[in-house]
Amino acid sequence: MILIKLGGSVITNKEKSLSARRKTIDNLATSLKKIDESMIIVHGGGSYGHYWSVKYDMHTKEKKYDLRGVAIVKNSMIELNKIVLDSLLKNKLNPYCFPPTGFMLGNKPISKKVKEIEKIAKTGLIPVTYGDALWYGQKKTYILSGDKIMTHLAKILKSRLSIFVLNEDGLYSDLKSKKLIYELNGERPLISENKKDVTGGMVRKVEEASKISKMGMNVFFVNGNKPERIVKAVKNRKFEGTLFRGKRNV
Ligand code: IP8
């Protein structure tokens, strides 16, 4: 089982509200078609979910947020999700839309539901889920990041590989020279904050990738603008990006 997170910064134009990068999504779909292993796709919010979450001051902390904001964030994620699903369909893949409300209860994943998604994926259908505004309980809601969903799924499904598809080549040891870090063996790189992203952007991704690799599973960061790199990562070919090597007890 492979988990693939399509980052919001690659599937949308983060500089322009509510604008999807349809051509990039199509190119990603074409590459995903070349993978013959079961997979689950998770996507982020980009200039859809994050745009509205910022407007309504909604974050990952469970709180009584403006209900109008909750409704609007959710609606915008459906809109982006539809664009992703349409592209997958057009490219002859068989997506199976799976909103996070279908497997989350409060802020915890429902194991039984997640295992059901695995069964669905094994038939060749591709479950597709996404970061979203979610009900927590007692009138509280929160923003669930797609990155966090990756960790929930990896933990329950013990996926062979988790791939975070980014708008960058991977993690850089130096932002100016864009010197790529090829492999991390448990060490924690220093990342600067991204204020536009309510779920924490790259900091969050590194946090989740580290958690998954500590559970013993490999995690790759790859550039979604060069989607053939995803195929190479899956097929164990010479790969360009950052590998968080799966290790226990590091
Ligand atoms: O972009 C957050 O998902 P992420 C989605 O994966 C929303 O962190 C609704 C902001």
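If you're wondering where the values come from, they're calculated on a predicted model, not measured in any experiment. Only heavy atoms go into these numbers, but all of them, side chains included; no hydrogens, no water, no symmetry mates. When a ligand or atom number is given, it counts from 1 through the structure's own listing order.
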Can you confirm, on distance only, whether ligand 1 has an N/O atom lying under 3.5 Å from any N/O atom belonging to G45?
yes
With heavy atoms of G131 as the reference, note each atom of ligand 1 found under 4.0 Å away.
3 (O), 5 (C)
Run the numbers on I230 and K34 for side chain to side chain contact (heavy atoms under 4.5 Å, CB included), then give the verdict.
CA-CA 10 Å; I230 303 175; K34 296 180 188 150; over 6 Å; no
Mark the output for S53 as yes if a heavy-atom distance to ligand 1 is under 4.0 Å, and as no if none is.
yes
F220: what forms a ring-ring contact (aromatic ring centres under 6.0 Å, His included) with it, not counting sequence neighbours?
F239
Numbering as shown, the atoms of ligand 1 that approach S145 to under 4.0 Å (heavy-atom distance):
3 (O), 4 (P), 6 (O), 8 (O)
Start with the C-alpha gap between E208 and K5, add the side-chain angles, then the distance that decides, and say whether salt bridge (charged side-chain N to carboxylate O under 4.0 Å, His left out) holds.
CA-CA 12 Å; E208 302 305 330; K5 160 83 195 293; over 6 Å; no
Could you check whether R229 pairs with E240 (Lys NZ or Arg NE/NH1/NH2 to Asp/Glu carboxylate O, under 4.0 Å)?
yes
Relative to the heavy atoms of G44, which atoms of ligand 1 are at a distance of less than 4.0 Å?
1 (O), 4 (P), 6 (O)
Ligand 1 and H43, any nitrogen or oxygen pair closer than 3.5 angstrom?
no
Mind jotting down which residue pairs meet the side-chain hydrogen bond (donor to acceptor under 3.5 Å, both in side chains) criterion with at least one end in residues 73-96? Sequence neighbours excluded, please.
D26-S87, D26-K90, H43-N81, K74-D132, K82-D86
Near V73 (heavy-atom distance under 4.0 Å), the atoms of ligand 1 are 9 (C)
Could you walk me through whether I117 and I40 pass the side chain to side chain contact (heavy atoms under 4.5 Å, CB included) test, one step at a time?
CA-CA 8 Å; I117 307 178; I40 297 176; 3.8 Å; yes
Within a strict 4.5 Å, meaning less than it, do heavy atoms of the L3 and V42 side chains meet?
no
Contact between K5 and ligand 1, counting heavy atoms under 4.0 Å?
yes
When you compare ligand 1 with G46, is there at least one nitrogen or oxygen pair between them that comes in under 3.5 angstrom?
no
As an exercise, identify every atom of ligand 1 less than 4.0 angstrom from a heavy atom of I143.
7 (C), 10 (C)
